[in-house]
Structures are given as structure tokens and as C-alpha cells.
Amino acid sequence: MVKSMLKLLEQMLAIPAVSSMESNRCSFLYSHIKQLVKEENLEKRVLCKRVKDNIILYTQRCGKHKSEQRTMLLCAHIDTVPPSDKYSCPPFGITKRGEKLIGLGINDDGASVISMLAAFIAASKTAGICNLMLSLNAQEETGGSGGLPAVLKFLKSSRLFPYPDFAIVGEPTGMKAAIAEKGLLVLDGQANGRSSHAALDNSENAIYNAIADINLIKRTQFRRRSKLTGTVHLTVTQINAGSAHNIVPEKCNFVVDVRPNEKYTNKEIWQILQAKVKSRLTPRNLNHKVSVTPNRHILMKTIQSLGMETFISSSFSDWSRLDIPAVKIGPGNSLRSHKADEYITEKELTEGINGYKLLIEAIDEKLMAKQKHTI
């Protein structure tokens, strides 16, 4: 299984899939997966559907009435960031160096894609109390509406595919369980001033006005602290103004990167900051919320029963787009993501496949025990 999945991973990575340009990779994967389902004699048990450049698989493992069934979603993304010009080998495909398997997107998020697919196929051959859905998504890296949001929109109106009850999000976590993930709020700031020759006195220099507001933002303290996700974190990451050395600019633009906690909504943070500054702050997206795994949910209970190490993730993922309980788990290491010579090892891929299989089995057992207790 690992060898065949590794071959598929190499074939997938050979097809460029920079976010919002995943069509060719999606076509290859969809065709390959349908053939794999046929070879495994699962055509009657697994539904396959392409939604834009996303792939959805569903298997009904429980024979009970639909209203009594639970469905777990496994989701990972097939897109990548653009390749760095510092790669020491071809970024597309896989280059092997010792134990390292190097390739663009192999860690983020190819290993999770392939591991989840392998675990899904294996689980589809067995009976279980929990039905399974696998969604391989586009546009995760850019947060586009054509990725997971398009999948969820389709599921809400589908008669063949149920809407999932909870999810495991595949991202490189070293197979540790991220039980919370900070959200993301990006604010585009614009400070205004008055244009003039640099030799003249001008109290309305847009750059100075921007600096004053940036300092106010820097000093802003958000008092509501979360035990899980800590404090709201603010960082000004870009600033741009001016066209010549002797012209005072009338506008200065800057960008604020905000990592919220669950004690504030993104809209609330935006409004607090806007009230403090003269610059106009425009949010790019207010929907990238903080995500937290509910403490008493079956996902949390399963993680605890397996003795999995938990942590709070500072990286952003498709988890924020889900409106159901979830946890983030996957092979690889997030520190390798978006860097030249991104890599995983074959051992990590094996651990990913086995880890997802174990999680599916453990969740089945927990749901079965709960059902017997209810009876």
C-alpha cells in the first residue's frame, strides 16, 4: 500500500497546482481515484464526485437509517504555493536524498492527501458505525471560494452526499493533534495626507500619519486572553508610499496581520482598531475565524484515549471554513511548508496512513460504545 501510494504521490506532484490553477492535477487525481475504486471492487460502496477542482468521495459503512448515521469528513488540499527559486532540485515531482523525499507540496499537503486516500480506501472495505467522506480541496493556500466553501455549498444541497457531522483536517502536524487554531484577519490600511514638494513645510505627510497610526496599533492591548489560543497578536507586515525623493505623498498604504483568539470576533477586532486610528482599515476577509475542538466531543475523547499529543496551531488552514467540530492532524512538519526543498520521509507517510486508519477505528469504537450505552 505505501509503495503504491508513494508512486501516486510522485505522479500527483509532477503536475503543477499553484493555488487557483489546480485543474490539471484535479483531473489526474479524479481519473486515478475512480480507477483505484474500480480495482478495489468498491464501485458499489464509494460515490465519487468532482465539484469544480475538488474531489469528494463518500462511503456508507453503516446500514442504519440515514437520520441515525454519523459521517466523518477527512479533508486535505491539493494546491500549493508557487515554487521558491531557491530549490536545489526540480520542484515538481519527487527527488530522493537519503531519507528525504523532496518536492513542492509534498509536506503541505501531499502527504496528508495520499495518507487520507489510503485510509479511506481501506476503511471503505470494512463495516463501521461511522460513514466516511473524503474531500480533496483546491484553493486552500489562497482561501478561494472555489475550494472547500464550494464543496460545503454542494453538500448542503446534495441528495446523494450527506452533510458531515465532524472532520479531521489533514495538515503537517507530525501526527500530533491540533485542538485549536488561531484565526486570520488581514487589514489594509490607508493613511491620507497632502501632496507637496519636499522642500515645503507640510504637516499632512501621509507617511508620518501612517507611522502614528502604526504605533497606536502596536500599543493596542486586547485584554481578553484565551487559555487555548492566548492573546490577539498584531503585526504590521507591509508599508508602501511615495514616487520620488522630492515629493511628499498624499497616501501611504500598510498591511496589518492579525491572529485573533476565540474571545473576539474578527469584526470586533477590526472595529476596535478602526476606532483608534485615523487611517482607513479595510478587512480582506472577516470569515477566517478561530477554530477550537469542543472539549467533550467524540474527536477530543478519541484523541485522549489514544494518548495523542495535542497542541495549539498558529498556522491557518481549511479548518476555519468548517462549521462543524474538527481537529487538525497530518504527517509532516509545518516548519517545512512554503520553503525550498520541502520534504517528508517514507516513514512519515507510513505513519500518516496508519495514523488515520487508527483514528477511524478508534472513532468507530467510541461511537459503538456510546450507542450501546444509550441502548
Side-chain angles (χ1 to χ4, degrees), residues 61-62 68-76 109 111-112 115-116 118-120 122-123 126-135 163-183 225-231 259-263 289-335 347-375:
R61 301 164 72 231
C62 176
E68 300 175 5
Q69 294 175 13
R70 305 290 299 281
T71 299
M72 179 169 68
L73 171 68
L74 306 174
C75 71
D109 196 29
S112 290
S115 296
M116 283 187 162
F120 177 90
T126 65
I129 199 169
C130 185
N131 297 325
L132 291 177
M133 183 179 293
L134 173 64
S135 181
Y163 199 82
D165 297 287
F166 52 94
I168 297 176
V169 179
E171 287 282 343
T173 69
M175 295 308 291
K176 299 174 184 177
I179 58 173
E181 174 184 276
K182 282 202 170 185
R225 181 181 177 86
S226 165
K227 291 181 180 179
L228 278 176
T229 57
T231 58
R259 303 293 165 148
N261 62 22
E262 72 275 19
K263 300 298 182 179
K289 60 180 177 60
V290 179
S291 303
V292 177
T293 310
N295 193 43
R296 296 184 179 181
H297 193 269
I298 188 74
L299 287 168
M300 187 68 81
K301 291 179 180 178
T302 302
I303 289 164
Q304 291 168 346
S305 68
L306 292 174
M308 296 183 71
E309 184 178 342
T310 61
F311 73 105
I312 311 304
S313 176
S314 59
S315 61
F316 183 68
S317 73
D318 267 340
W319 189 357
S320 70
R321 299 175 181 97
L322 291 170
D323 56 359
I324 54 177
V327 67
K328 185 166 71 176
I329 302 171
N333 187 322
S334 65
L335 295 178
K347 180 182 177 183
E348 287 174 324
L349 186 64
T350 302
E351 290 172 346
I353 294 171
N354 292 336
Y356 287 135
K357 286 180 181 178
L358 182 62
L359 278 164
I360 293 168
E361 292 170 2
I363 286 170
D364 261 335
E365 290 175 3
K366 287 285 181 186
L367 288 173
M368 180 67 76
K370 183 179 179 181
Q371 186 183 79
K372 287 181 178 178
H373 179 73
T374 303
I375 294 172

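In what follows, every heavy atom counts, from backbone to side chain, and hydrogens, waters and symmetry copies are set aside.
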Just verifying a value: how many Å separate Asp364 CG and Met72 CE, rounded to the nearest 0.5 Å? 7.5 Å
Is any side-chain heavy atom of Leu299 less than 4.5 Å from a side-chain heavy atom of Ile168? yes
Evaluate Arg61 against Ile360 for side-chain contact (heavy atoms from CB on, under 4.5 Å), listing each step before the verdict. CA-CA 12 Å; Arg61 301 164 72 231; Ile360 293 168; 4.2 Å; yes
Answer yes or no: is there a donor N or O on one side and an acceptor on the other, between the side chain of Arg70 and the main chain of Asp165, under 3.5 Å? no
State, to 0.1 Å, how close Asp109 and Ala76 come at their nearest heavy-atom pair, and which atoms those are. OD2-CB, 3.3 Å
When rounded to the nearest 0.5 Å, the distance separating NZ of Lys328 from CZ of Phe316 is 9.5 Å
Would you mind reporting whether Val169 and Cys75 have side-chain heavy atoms less than 4.5 Å apart? yes
Atom pair CD1 (Ile179) and CE (Met308), whose distance is rounded to the nearest 0.5 Å: 11.5 Å
Please walk me through it: do Val327 and Thr310 pass side-chain contact (heavy atoms from CB on, under 4.5 Å)? CA-CA 10 Å; Val327 67; Thr310 61; over 6 Å; no
Would a distance-only check, ignoring hydrogens and angles, find a side-chain to backbone donor-acceptor pair under 3.5 Å from Lys263 to Gly230? no
For the backbone of Ile329 and the side chain of Tyr356, can you confirm whether one donor and one acceptor N or O come within less than 3.5 Å of each other? yes
How close do Ala362 and Thr302 get, counting heavy atoms only, and between which atoms? CB-CG2, 3.5 Å
Nearest heavy-atom neighbours spanning Leu367 and Cys130: CD1-CB, 3.7 Å
Give the minimum heavy-atom separation between Trp319 and Ala326, together with the two atoms involved. CZ2-O, 3.1 Å
Shortest non-hydrogen contact from Ala167 toward Ile324: CB-CD1, 4.0 Å
Measuring from atom CG of Leu74 to atom CG of Leu134, what distance do you get when rounded to the nearest 0.5 angstrom? 6.0 Å
Could you walk me through whether Thr229 and Glu262 pass side-chain hydrogen bond (donor to acceptor under 3.5 Å, both in side chains), step by step? CA-CA 7 Å; Thr229 57; Glu262 72 275 19; 2.6 Å; yes
As an exercise, state the distance from OG of Ser315 to CZ of Arg259, rounded to the nearest 0.5 Å. 8.5 Å
Donor on one side chain, acceptor on other, Ser317 and Glu181, under 3.5 Å: yes
Does some side-chain heavy atom of Pro172 sit less than 4.5 Å from a side-chain heavy atom of Pro331? no
Can you tell which of Leu73, Thr293, Ile363 makes a side-chain contact (heavy atoms from CB on, under 4.5 Å) with Phe166? Ile363
Under 3.5 Å, is there a donor-acceptor pair between the side chain of Thr173 and the main chain of Gly330? yes
Taking all heavy atoms of Ser112 and all of Glu171, pick out the closest pair and write down the distance. OG-N, 3.5 Å
Can you pull out every salt bridge (Lys or Arg N to Asp or Glu O under 4.0 Å) where at least one residue sits in residues 294-310? Sequence neighbours excluded, please. Lys176-Glu309
Would you compute the distance between atom CE of Met116 and atom CD1 of Ile353 and round it to the nearest 0.5 angstrom? 12.0 Å
